[in-house]
Structures are given as C-alpha cells and as structure tokens.
2 protein chains.
Amino acid sequence: MSNTGPEILDPAPPRAAERILQAARKLFYSDGIRAVGVEEIVARAGVTKPSLYRGFGSKDELVVAVLKQTEADFWARFELSVEAHPGDARAQIRDFFKGLAGRSTKADHRGCGLSNAMVEYPEPEHGAHQVALSHKRDLRARLRALAAEMGARDADGLGDALLLLIEGAYLSSQIFGAGGPSGVVAKAAEALMDAALG
Amino acid sequence: MSNTGPEILDPAPPRAAERILQAARKLFYSDGIRAVGVEEIVARAGVTKPSLYRGFGSKDELVVAVLKQTEADFWARFELSVEAHPGDARAQIRDFFKGLAGRSTKADHRGCGLSNAMVEYPEPEHGAHQVALSHKRDLRARLRALAAEMGARDADGLGDALLLLIEGAYLSSQIFGAGGPSGVVAKAAEALMDAALG
DNA sequence: ATGGGATGTTACCGCTCGGTACGTTGCATT
DNA sequence: AATGCAACGTACCGAGCGGTAACATCCCAT
C-alpha cells in the first residue's frame, strides 16, 4: 500500500523494448513473421507503436533482433548437451537429438524459427535471411567438427546427414504435430553414426 | 505484317486462367506466397486483375489451385521412380532419392512448395495448410508402405526416418543452395535402409 | 451475320500495413 | 519546488493490399 519507492521484487520493470521483443518472438514463431503486423505486436506487448520504432528502427530490424535471440538460445541449448558429456562427441550428439526429439513431437511446435525465416525470406539481401543463413552455416560446421571428433570415416558426410535429420525434424514437427516422424529422429541419428563409425 | 488470321505456331493460346496459374506458381515458389501480391501475378501472366478473380474466387483459392498442381507433379515424379523398378521397393526409394539429391543441390532451389506452405500458413483452417498437410500424410503412408514392402523390421520407423531425410533435404536446399548437405541425402537413405534390413 | 462467353480496360473501394509528428507523463536532480 | 530529460501515448499519414463495378472488345460457333 504505502510502498511508493522503487519496487524491490521487480527492481527493473521490463523496458518497452524488451516486452516488444518477447511479444514479437512469440508471435513470429507461432504465426509466421510476414503474417504478424506491428499493431498486433505492440498490442500483445501492452505498449504502443512509437515505442517499437524507438527501440528498433523498423519491423525488419525487430525481426533481426528476434532471430538473433533465437540463435543465442539455440546455442545455449546446444552447449548444454555438449557440456553434459565432456570429451564424448557421440554422447553430445545423442543428447542433443534426444532433446530435439522431445521438442519436435510436442503439439503446436513450429520447428526452428531461423529455418522458417529462410522460407519466408528467400531474398539474400534481407537481414532475416542473413542471420538465419549465417547460423545454419555455423551449425553445419559444428556438426561436421563433432563428426570428425567422434572418428567418422566421412566426417563431413556424417555431419551433413545429421543436419538433414535435424532440419527434417524441424519441418516435420510443424507439419504433423504430435506423433509425427520426428519421434524417430534420435534412432535414425544413431543408425547413421553406427554406419559411419562401424 | 499481314498475318491477321489465327496464329499457326501457337494454335491454342493458353487461357487466361492457365497463364495466371503458371505465373502464380513460379512466383509463389521462388518468392513465397505471402510475399507475392495479385498485382504482380497478373503482370507476370500478361493479364489483368479481373481475369484472376473470374478464374479463381480469391487469392487463397488461387493458392490452393497452385498447391494442388504442385502435389500432382510431385506424385507424377514419385510414380516415375516406382514404375522404373517394378516390384523392387528399395530400388524405387533409391531412385527417388537420387532424383531428390540432384534437384536439392541446384542453386535457387526452394525445396517443396507444399512444405513451405505449411511454414507460411500454420493456421489449420487455411486451405493451403489443408492441401499441404493432406499431401504430407499421404506421403508418410506411402513411405511406410514401401518400407514394409522391402521387408524392414520397423517399417513405420524406417518410413518416418526416410521422410525426415526428405524434408531435411527440402529445407536444406533453400538454406544452403548448391553444395549443401542435401548432396548426401541418397547415401544417408542407403545407410538407414541397410540398418533397417540387417 | 450475329449472339454469347471470355477477355481487356479503367477506375475505384475499404482496409490494413509499416511508419511518423507531436504532445504528455513521470522521475531524478538540484 | 522548479527544471530537465528520457520514455511513453494519441492521432495521424501515404502506400499497397485484396477485391469489385461497369463497360468495351474480341473470337468462335451457330
């Protein structure tokens, strides 16, 4: 009642830009980027349009900011799998695929926001395209490196094959929802690794 | 100069609706559906807007018509692989994956228009979503049936794994362009079939 | 030759989009 | 208490969207 001073439990009330970023991320992910207008974003964020354009120069810049955060979260999850099994590349991959299988078989999952952005923005000039492409290139290199680390004969081939499974799980998850083919992604990855290590 | 009669070299000038359908298909495929306006479509088709709305009730209906044609072409290609190797399910799959690998590693390839439509239209009510989903369900069933036909222990598992590779190639092709991971999709499919047949 | 379907032409509608000029609030500092 | 300043809201804009009305024209079949 009488607490008029700075809020202790929430000392930094989320700035408008942060609320916009989170609202945009949810909406872009679930509905698609082009399908969501700035009006809907600010409404969901509980702010107004000028706040969006003060924090971000344009909708496109907001899209880029959202995708960069998506990428950061991806790598955070990925490194979690890596750190869980130090020095064991195959166990790291196995761990990651296990998590992927779990996420990809949940209803309303929409795969990878970065992959989806590549579908929505084929033009190489677009910022969204560039962020997503750069991330996928990094992922490809990372998978190839892990494949080499686990001693695969054709490391690049195994890394690429694993990437195909990952992207396939992303796409299939939003096509089929729960009970889709993504349920077998971890087992398929095992089979490919078996074959490449044999 | 004096040729005012019917054109001999082009005796059946394509009806407006047909030209619109083909123009829309190219544009939707290369640029994305939401990114293309009706004005651009009729310009490319060399017709005018009322012709579009006489042949198709709305843009959404045109989208559905385009996707249905895309689906028909897909099955035509698929059956070509099947008929090329009567009674040999594994050879049929191998043939299809070979063609898939070839297409998916060409620059400017944009994967599967039906998969892309699922990304652009997550809402189950949308006609584009329904056409694409129905097709993917059919494809899943078909792959599972072929896996059973070739004697896989876990036929459903193999069929789903092959579907993951296919969708992965679709997505990867438009992410990486030429030289992408889709180049290994046929080899990966072989490895999975080997593992499932023992 | 003539009627009718399909097409082209032109102009327009309402709506929503991304984006902005300008006024208002609230809080820290002095 | 007055001031300064950053953050926010109100109200608006031009453009492009999907879609339509009304009318002229072409071409083919009868």
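Quantities reported herein were computed from a predicted structural model and do not represent experimental measurements.
At a threshold of 4.0 angstrom between heavy atoms, the contacts of A/Val36 are confined to the sugar-phosphate backbone, with no base atom among them.
Taking atom CZ of residue B/Phe56 and atom P of nucleotide C/dA6, one finds them 14 Å apart after rounding to whole Å. Summarising the geometry, the separation between NZ on B/Lys49 and C1' on C/dA11 is reported as 11 Å, rounded to the nearest angstrom. At whole-Å resolution of the value, CZ in B/Arg15 and C1' in C/dA6 are 7 Å apart. If you take CZ of A/Arg54 and C1' of C/dG18, they are 16 Å apart, rounded to a whole angstrom. Whole-Å rounding puts the A/Tyr53 OH to D/dC8 C1' distance at 17 Å. B/Glu61 has its CD atom 13 Å from the C1' atom of D/dG18, to the nearest Å. A/His126 has its NE2 atom 12 Å from the C1' atom of C/dG18, to the nearest Å. Whole-Å rounding puts the B/Asp60 CG to D/dG18 P distance at 10 Å.
A/Ser173 and A/Lys106 share no side-chain donor-acceptor pair at under 3.5 Å. Side-chain contact check for B/Gln22 and B/Gln69: at least one donor-acceptor pair (N or O, by modelled atom type) lies under 3.5 Å.
Comparing A/Glu39 and A/Gly57 by the nucleotide of DNA chain C that holds the closest heavy atom to each, the one mapping nearer the 5' end is A/Glu39. Checking A/Gly46 against B/Ser58, the closest nucleotide of DNA chain D that is more toward the 5' end is the one next to A/Gly46.
Put simply, B/Ser51 has a side-chain N or O that comes within less than 4.0 Å of OP1 or OP2 on C/dG8.
By the ring-ring contact (aromatic ring centres under 6.0 Å, His included) test, A/His109 pairs with no residue at all, sequence neighbours left out.
In this structure, the nucleotide among C/dG19, C/dT10, D/dG19 sitting nearest to the side chain of B/Lys59 is D/dG19. Closest to the side chain of B/Val47, out of C/dG8, D/dG18, C/dG18, is C/dG8. Out of D/dG9, C/dG8, C/dT9, the shortest distance to the side chain of A/Pro50 is found at D/dG9.
Ion pairing of A/Arg90 with A/Asp194 is present here, as a side-chain N (NZ or NE/NH1/NH2) and a carboxylate O approach within less than 4.0 Å. Taking the charged nitrogens against the carboxylate oxygens, B/Glu190 and B/Lys98 have no contact shorter than 4.0 Å, which rules out a salt bridge.
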